[in-house]
Structure formats: C-alpha cells, structure tokens
Number of protein chains: 2
Amino acid sequence: MQRPLLHPASEDLKLESVLYALADPMRLEIVRCLAAGDCPLNCSKAAPSHVPKSTQSHHFQILREAGLIQSERRGTEVVNSIRLDEINARFPGVIDAILKAAKPLVCPDADKA
Amino acid sequence: MQRPLLHPASEDLKLESVLYALADPMRLEIVRCLAAGDCPLNCSKAAPSHVPKSTQSHHFQILREAGLIQSERRGTEVVNSIRLDEINARFPGVIDAILKAAKPLVCPDADKA
DNA sequence: TTCAATAGTTCGATAGTCTTGAACTACCGG
DNA sequence: CCGGTAGTTCAAGACTATCGAACTATTGAA
C-alpha cells in the first residue's frame, strides 16, 4: 500500500495493452461492471468474491497499467473507476463496442437491486 | 500440413479470444493488413518477414482458432482471409473500432503500390 | 518417378507470465 | 496499542511465447 499506483497518461495508452487487459474474462467483467455505473467500486466489490485477493490485485494492476481504470486509495481501501472518456478520446468506439458485445453477466451487487 | 485447420463456427466465437488474439502487435498488424483489402494473403506475405516461420505459424493458429481468419490450403501455401462479416455479426462494431484505432502501419505489400 | 525447392507445421528448450497461498504493510475503530 | 480489514508483495508451480531445428506436404522440373 505504499507504492504510487501508477497510471499511464491518456496519450500513452496502447491499444494492445487495452485489448490485452480486456482479453481476460474476469477483467472484462470488472470493467463491464465499473462501466455499468454501479461504481466506483473497491477491489473486492468489483471482482468475483471467490477469487483470491492476490489474483484480484494482479488483475487490477493490469487494468490500471493499461490505463483502463483509475485507482485511488481511500483509507484502507482502493476505489476504482473507469477512464471511459480518456479511452474513448484515444480509441473512439472501442470500449463501447466491446462493452456492448460482452455478454451482460450479473454485477456482484446487481442481484441485490 | 495434414491437420484439418480448425475454425470455430460464428456462434462459437468468444469475445475474450478475439480480444486476446488482437492484443499482440504482430497479430493485430496481420489482421489490419488482411482487412485492408489486399487479401487474401498467405502467411509469409501477411506477416512481417523477419519473424521466424514457427512463430508466424503460431500466430496464425491463434488468429484462426479465435475465429478471426479463415485459412485454406492452396497447394503448398495457406491462404488467409479475415472473417469480417461473421465477427461483425457477432460483435458489432468491435473489429471496426479496433482497426480504426490501430495506427496504420504499412502493409508488407503496401509500399509496392 | 525421383529430386529439389517451397510453404507451413511440429518439436524441444528457454524465458517470461498467470495463479495462488502465505507473509507483509497500511489504515481505521475502539 | 490492538485487532480487524483491505491490498500488496513474494515465491513456487503451471502455463504460454519465442525461435531454431527437424519434419511433412505439395509443386514443378528433369
């Protein structure tokens, strides 16, 4: 919890990294969930709960370093939000098309609505 | 050259596999090149020539099994074409947005035009 | 048919990455 | 200060990528 939580600048976003980050089912679901507006979410809420913390942490790191999400420390937890505008500005339509194509699984919190 | 060259059916295409296949710079370039209309192309023409054949073969296998390309044996070579319509039907806008976002590098044959 | 050349594939080894439990760090409430 | 909570880091095994070398299949000649 001491490291700076690095985020790439908008202009440094790489399409390959974005696609790679979204190529994993769990990461895609996290992004889908964040984009669905039930966010910002901390790590344990945004990720499927049965997945080990270390794995979650790894996936959030990939998403963060690809520039897909913005992570902020808020006390003991990390609040994540999607960098939708920046990604759309850099790669117009990519995220939207992918999110529409992603089959709408349930968000971790969606069943409580 | 004896194996059947398996292609998934349109309805079996998985978004994650498509994104994964496109997350590699060389594979993205191959797809971009095929989509640019100078196709169909055999493997050695569609891929950067300095890459070893075994690596090329591996990448084409990934693209084929993700359902991005259609490969047909024509004598001694394999002719590849992009399955644009099927992918668009299944994941509308995804490929188009990605191809537009991909920076237009030169096709291997483009400089001869 | 036999032979050499061509186009890809398969194999094996090395190097890098993913997953996960265990240990660790940071923050908050009492 | 202490226990609990939220994430991170580390290390080990499994998995995957790269690439040279050996192999297979097809073509076109002699």
Side-chain angles (χ1 to χ4, degrees), chain A residues 1-7 14 16-31 33-34 39-66 68-81 108-109, chain B residues 1-7 14 16-31 33-34 39-66 68-81 108-109:
Chain A
M1 231 110 143
Q2 63 287 28
R3 297 237 184 125
L5 284 183
L6 293 175
H7 299 80
K14 281 181 289 187
E16 287 89 345
S17 305
V18 169
L19 296 179
Y20 176 78
L22 294 174
D24 180 273
M26 173 171 156
R27 293 196 292 259
L28 180 58
E29 175 62 14
I30 291 172
V31 167
C33 191
L34 287 173
C39 47
L41 295 170
N42 63 8
C43 291
S44 40
K45 284 203 198 101
S49 50
H50 55 87
V51 177
K53 292 192 301 177
S54 51
T55 306
Q56 292 183 17
S57 187
H58 169 68
H59 284 311
F60 277 97
Q61 183 185 14
I62 301 271
L63 288 170
R64 187 185 317 122
E65 294 180 352
L68 278 163
I69 63 172
Q70 171 85 27
S71 306
E72 280 177 273
R73 303 190 195 283
R74 281 259 230 295
T76 145
E77 61 186 16
V78 174
V79 177
N80 300 285
S81 51
D109 295 333
Chain B
M1 233 107 144
Q2 62 286 28
R3 297 237 185 123
L5 284 185
L6 293 176
H7 299 81
K14 281 181 287 187
E16 287 89 344
S17 306
V18 168
L19 296 179
Y20 176 77
L22 294 174
D24 179 273
M26 173 171 156
R27 292 195 293 259
L28 180 58
E29 175 63 14
I30 291 172
V31 167
C33 191
L34 287 174
C39 48
L41 293 171
N42 63 8
C43 293
S44 39
K45 284 202 198 101
S49 50
H50 56 85
V51 176
K53 292 191 301 176
S54 51
T55 305
Q56 292 183 16
S57 187
H58 169 69
H59 285 310
F60 277 97
Q61 184 185 13
I62 302 268
L63 289 170
R64 188 186 315 123
E65 294 179 354
L68 279 163
I69 63 171
Q70 171 85 27
S71 305
E72 281 177 273
R73 303 190 195 284
R74 283 260 229 295
T76 143
E77 62 187 14
V78 173
V79 177
N80 300 286
S81 52
D109 296 332

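Each chain gets a letter, A, B and so on, in the order the sequences are listed, and its residues count up from 1.
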Taking atom [atom2] of [N] as reference, at what distance in whole Å does atom [atom1] of [X] sit?
{"X": "Gln61(B)", "N": "dA17(D)", "atom1": "CD", "atom2": "C1'", "result": "12 Å"}
{"X": "Arg73(A)", "N": "dA26(C)", "atom1": "CZ", "atom2": "C1'", "result": "9 Å"}
{"X": "Ile30(B)", "N": "dG8(C)", "atom1": "CD1", "atom2": "P", "result": "11 Å"}
{"X": "Arg74(A)", "N": "dT5(D)", "atom1": "CZ", "atom2": "C1'", "result": "17 Å"}
{"X": "Asp24(B)", "N": "dC19(D)", "atom1": "CG", "atom2": "P", "result": "11 Å"}
{"X": "Ile69(B)", "N": "dG8(C)", "atom1": "CD1", "atom2": "C1'", "result": "13 Å"}
{"X": "Phe60(B)", "N": "dT18(D)", "atom1": "CZ", "atom2": "P", "result": "14 Å"}
{"X": "His59(B)", "N": "dA17(D)", "atom1": "NE2", "atom2": "P", "result": "8 Å"}

With the side chain counted from C-beta on, respond yes when Val31(B) and Arg27(B) share a heavy-atom pair under 4.5 Å apart, and no when they do not. no
Within the structure provided, determine whether Asn80(A) and Phe60(A) are in side-chain contact (heavy-atom separation under 4.5 Å). yes
Nearest-0.5 Å distance that lies between atom [atom1] in [X] and atom [atom2] in [Y]:
{"X": "Ile62(B)", "Y": "Ile69(B)", "atom1": "CD1", "atom2": "CD1", "value": "10.5 Å"}
{"X": "Cys33(A)", "Y": "Met26(A)", "atom1": "SG", "atom2": "CE", "value": "11.5 Å"}
{"X": "Gln61(B)", "Y": "Leu5(B)", "atom1": "CD", "atom2": "CG", "value": "9.5 Å"}

Is the shortest side-chain N/O distance from Arg64(B) to OP1 or OP2 of dT9(C) below 4.0 Å? yes
So, does Thr76(A) get its side chain near the phosphate of dA6(D), meaning an N or O under 4.0 Å from OP1 or OP2? no
Quick check for you: among dA6(D), dA17(D), dT9(C), whose closest atom lies nearest to any side-chain atom of Tyr20(B)? dA17(D)
Proximity to the side chain of Glu77(A) - top-ranked nucleotide from dA6(D), dT9(C), dT8(D): dA6(D)
Contacts under 3.5 Å, N or O only, protein and nucleotides 20-22 of chain C:
unit_1  : atom_1 : unit_2   : atom_2 : d
dT20(C) : OP2    : Thr55(A) : OG1    : 3.3
dG21(C) : N7     : Ser54(A) : OG     : 3.1
dG21(C) : O6     : Ser54(A) : OG     : 3.1

Sequence neighbours excluded, which residues qualify as side chain to side chain contact (heavy atoms under 4.5 Å, CB included) partners of Thr55(A)? Val51(A), Pro52(A), His59(A)
Any residue meeting side chain to side chain contact (heavy atoms under 4.5 Å, CB included) with Glu16(A), in chain and number order, not counting sequence neighbours: Lys14(A), Pro25(B), Leu28(B)
